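Everything numeric here is computed off the predicted structure, so don't read it as measured data. Below, all heavy atoms of this structure are taken into account, side chains as well, without hydrogens, waters or symmetry copies.
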Amino acid sequence: MAARWDGGLRAVVRAGDFDLVVDEPPTAGGSGTGPQPTDLFLASVASCFLLALLYAAGKAGIELPGLEVRATGTYAGLSFARIDLAVSSAIPAKLLEPLVPVAERVCYVTNTLREVPSLGIQVAGPDEPPLL
């Protein structure tokens, strides 16, 4: 995964075979041509948990028509103090609820948030090989 500056407050991230545009909204000095980084972060949480629910449902032989997972972040300064997920589907909640613990066990993103990894930052100049 690599991000490169694309002018202003815009970046292009190479994710596998895909380019993702990341930008800040005009109110924050960007051009609004893509989601902001925190939106992508919440999108990652919501989409990973949705896929984990689909996995759990498949194991249980249950279909989840209209499945939706919404992620909402509550800011505390420059970070999220809390992230809430709201799960809904066309099936009754009593059938959906037992799938949540299974999804919690297999969702990489929510598991990463529960056990925060260490973060290392390395810097290289123009005459030095990339460090990663």
Stepwise, does the side chain to side chain contact (heavy atoms under 4.5 Å, CB included) test hold for Val22 with Leu40? CA-CA 8 Å; Val22 182; Leu40 287 176; 3.2 Å; yes
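- Met1 and Phe18 fall into different hydrophobic clusters, where Ile, Leu, Val, Met, Phe, Trp and Tyr side chains are chained together by heavy-atom contacts under 4.5 Å.
- Note on Arg114 versus Glu104: salt bridge recorded, some NZ/NE/NH1/NH2 to OD/OE distance being below 4.0 Å.
- With hydrophobic clusters built from ILVMFWY side chains whose heavy atoms lie under 4.5 angstrom apart, Trp5 does not share a cluster with Leu9.
- Looking at residues two or more places apart in sequence or on another chain, you find a side chain to side chain donor-acceptor pair (under 3.5 Å) between Asp19 and Arg14.
- Among all heavy-atom pairs drawn from Cys107 and Asn111, the shortest one is O-ND2, 2.9 Å.
- Between Glu68 and Ser89, every side-chain heavy-atom pair lies at or beyond the 4.5 Å cut-off.
- The side chain to side chain donor-acceptor pair (under 3.5 Å) search around Glu63 returns none, not counting sequence neighbours.
- Closest heavy-atom contact between Val102 and Pro98: CG2-O, 4.2 Å.
- Counting Ile, Leu, Val, Met, Phe, Trp and Tyr side chains that sit under 4.5 Å apart, directly or through other members, Ile83 shares a hydrophobic cluster with Phe41, Leu42, Val45, Phe49, Leu50, Leu51, Leu53, Leu54, Ile62, Leu64, Leu67, Val69, Tyr75, Phe80, Leu85, Val87, Ile91, Leu95, Leu96, Leu99, Val100, Val109, Leu113.
- Here Arg4 pairs with nothing under the side chain to side chain donor-acceptor pair (under 3.5 Å) rule; sequence neighbours left out.
- Considering every non-hydrogen atom in both Pro101 and Glu97, the closest pair reads CD-O, 3.4 Å.
- Closest heavy-atom contact between Ala81 and Ala76: CB-CB, 3.5 Å.
- Taking the side chain to side chain donor-acceptor pair (under 3.5 Å) definition, one finds that Asp23 meets it with Ser31, Thr33, sequence neighbours left out.
- Other cluster members for Val21: none, since no ILVMFWY side-chain heavy atom sits under 4.5 Å from it.
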